[in-house]
Amino acid sequence: MSIRMRFSYRRIGVTSRVLVSRLALALGCLFFTSVKADVIVQSNGKRIEGVSISSAKWDQVLFRQGNNTVKLNGDKVTSIQRDSAYLQPARSSLASGNYKKALSILEKLDGRGLKGWQAAELQYLKGKIYLESGDAAKADNAFDLFVKTNRESKDYWLPHAIFGRGQAALNLRRGGTAQQHFKGLAPYGPTWVLRAKLGEARGLFLAKKYVDARTKFQEVANDRKAPQALKVDALIGRIEVIAEQKQYDKVITDLEKNFFSATAQVVDYGKARAKAAYLMGVSYKNLPGKENLEKAEIWLLKTAVLFRQHKSIYKDSCSALADVYKQLGRSERATEWGKRAKG
């Protein structure tokens with residue numbers, strides 16, 4: 001099986017360090033673009049830009065579009081972004097994976113006395129930053145405070161924070177607590193019921209109940225009413241289970257079919273694609289033969305270079321690359337990528 005790449009480290013003679021820095025800079029510029037007006041992303045993937053959100057509750061989002069006031073069911077809205085000179089720098093830093101900077105920005109804003117939705121989102125962003133950076137305990141505390149403070153106001157981010165508590169509990173290996181949080185999402189609409197099912201599947205996966213986890217992921221992936229983003233997450237989850245079951249040939253086949261072929265079903269270029277590229281790399285790494293190690297090298301380099309903003313995937317890719325180079329007898333490269341994995 002041949003893999004065509006748009007770049008080759010050996011052919012163009014550019015070191016991996018230069019490529020990483022250049023691509024990271026380009027991605028950084030993309031993520032740091034400021035928001036000029038409010039943005040709404042619907043569960044079907046449609047973006048509504050250039051509007052003014054007048055009210056954002058978990059059950060209903062109201063916004064002005066031209067001279068018209070439009071009402072959307074909150075369950076059909078995946079995310080919102082309201083124009084805020086205070087919060088936008090932290091959002092951008094979070095999106096680019098610069099968690100330390102994002103948290104520093106929010107800590108400075110604590111004394112500004114933000115009110116209303118900006119104060120609520122600031123607290124939610126703290127939980128999100130802690131969760132993404134791997135500090136599950138602080139994430140749980142931040143989300144808990146958000147829920148207690150904003151439950152009565154029905155703030156838009158309320159179910160997101162409850163789901164965040166479930167994710168944090170999973171990371172802390174508190175499966176029972178996580179399930180309680182996920183079950184608490186039922187009143188927030190059918191989409192949140194499906195997200196809760198994804199959380200339950202992740203809990204089963206971490207508990208090494210692979211057959212049950214695989215079944216649960218597949219249920220979400222096959223649900224006709226599930227938003228495309230949830231289907232993609234479920235698909236990646238199912239393939240992760242298959243990888244954990246050491247069925248590496250099937251992992252590669254499923255990823256090629258769904259992500260990396262001309263007829264691929266998924267055109268996501270975010271975290272799901274990053275995870276897919278990483279899984280391709282580690283699957284080839286675990287197959288016998290030098291040829292598969294070289295294919296693993298290509299996929300893992302691609303993941304590390306193009307998806308550096310996803311910190312956990314980046315570090316896992318660096319660690320896997322160090323192992324690949326060690327097996328190939330290239331000790332200097334193994335040391336280099338090993339350092340990046342710890343950085």
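Values below: all heavy atoms of this structure, side chains included; hydrogens, waters and symmetry mates excluded.
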* Would you please test Arg333 and Glu336 for salt bridge (Lys or Arg N to Asp or Glu O under 4.0 Å) and show each step? => CA-CA 5 Å; Arg333 298 281 277 179; Glu336 175 189 352; 3.7 Å; yes
* For residues Ala169 and His181, report the shortest heavy-atom separation together with the two atoms involved. => CB-CD2, 4.4 Å
* What pair of heavy atoms forms the shortest contact from Val220 to Leu194, and how long is it? -> CG2-O, 4.1 Å
* Asked: Are Glu240 and Arg202 close enough, and set up right, to give a salt bridge (Lys or Arg N to Asp or Glu O under 4.0 Å), and what steps lead you there?
  -> CA-CA 10 Å; Glu240 282 188 86; Arg202 181 64 59 182; 3.0 Å; yes
* To do: Hey, could you give me each pair passing ring-ring contact (aromatic ring centres under 6.0 Å, His included) that has a residue in residues 42-69? Not counting sequence neighbours.
  => Trp58-Tyr188
* **Under the side chain to side chain contact (heavy atoms under 4.5 Å, CB included) test, residues paired with Lys290 that sit two or more places apart** => Glu294, Leu328
* Structure fact -> Residues pairing under side chain to side chain donor-acceptor pair (under 3.5 Å) where one sits in residues 123-138, two or more places apart or in two chains, turn out to be Asp110-Lys126
* Any pair with a residue in residues 40-63 that passes salt bridge (Lys or Arg N to Asp or Glu O under 4.0 Å), sequence neighbours left out, goes on the list, sorted by first then second residue, please. => Arg47-Glu49, Asp59-Lys154
* Structure fact -> ring-ring contact (aromatic ring centres under 6.0 Å, His included) pairs touching residues 72-120, sequence neighbours excluded, are none
* Give the C-alpha distance, both sets of side-chain angles, the deciding distance and a yes or no for salt bridge (Lys or Arg N to Asp or Glu O under 4.0 Å) between Asp254 and Lys250. => CA-CA 6 Å; Asp254 283 5; Lys250 179 168 177 54; 3.4 Å; yes
* **Partners passing side chain to side chain donor-acceptor pair (under 3.5 Å) against Arg165 (at least two apart in sequence or in another chain)** => Asp140, Asp144
* Which distance, rounded to the nearest 0.5 Å, do you find between the CZ of Arg195 and the OG1 of Thr78? -> 5.5 Å
* Heavy-atom distance under 4.5 Å between the side chains of Arg151 and Val147, does that happen here? -> yes
* For Gln218, check side chain to side chain contact (heavy atoms under 4.5 Å, CB included) against everything at least two apart and list the hits. => Ala221, Asn222, Arg238
* Which pairs pass salt bridge (Lys or Arg N to Asp or Glu O under 4.0 Å) with one or both residues in residues 168-185, sequence neighbours excluded? -> none
* Determine, using ring centers only, whether Trp157 and Phe163 are less than 6.0 Å apart. => no
* Any Leu301 side-chain heavy atom under 4.5 Å of Leu321 side chain -> yes
* Would Gln245 and Arg214 satisfy side chain to side chain donor-acceptor pair (under 3.5 Å), going step by step from the backbone distance to the final call? -> CA-CA 10 Å; Gln245 293 175 311; Arg214 192 166 165 176; 2.8 Å; yes
* Under the side-chain contact (heavy atoms from CB on, under 4.5 Å) criterion, do Lys275 and Leu279 qualify, and how do the steps go? -> CA-CA 6 Å; Lys275 191 70 175 183; Leu279 288 171; 4.2 Å; yes
* Do you know which two heavy atoms are closest between Gly127 and Phe143, and how far apart they sit? -> C-CZ, 3.3 Å
* Quick one: list whatever passes side chain to side chain donor-acceptor pair (under 3.5 Å) with Gln42, sequence neighbours left out. => none
* Asked: side chain to side chain contact (heavy atoms under 4.5 Å, CB included) with Ala90: which residues, sequence neighbours excluded?
  -> Ile105, Leu106
* Asked: Transitive ILVMFWY cluster of Leu204 at side-chain heavy atoms under 4.5 Å: who else is in it?
  -> none
* Is it the case that more than 12 heavy atoms not belonging to Arg64 sit under 6.0 Å from its CZ atom? -> yes
* For Lys315, check side chain to side chain donor-acceptor pair (under 3.5 Å) against everything at least two apart and list the hits. => none
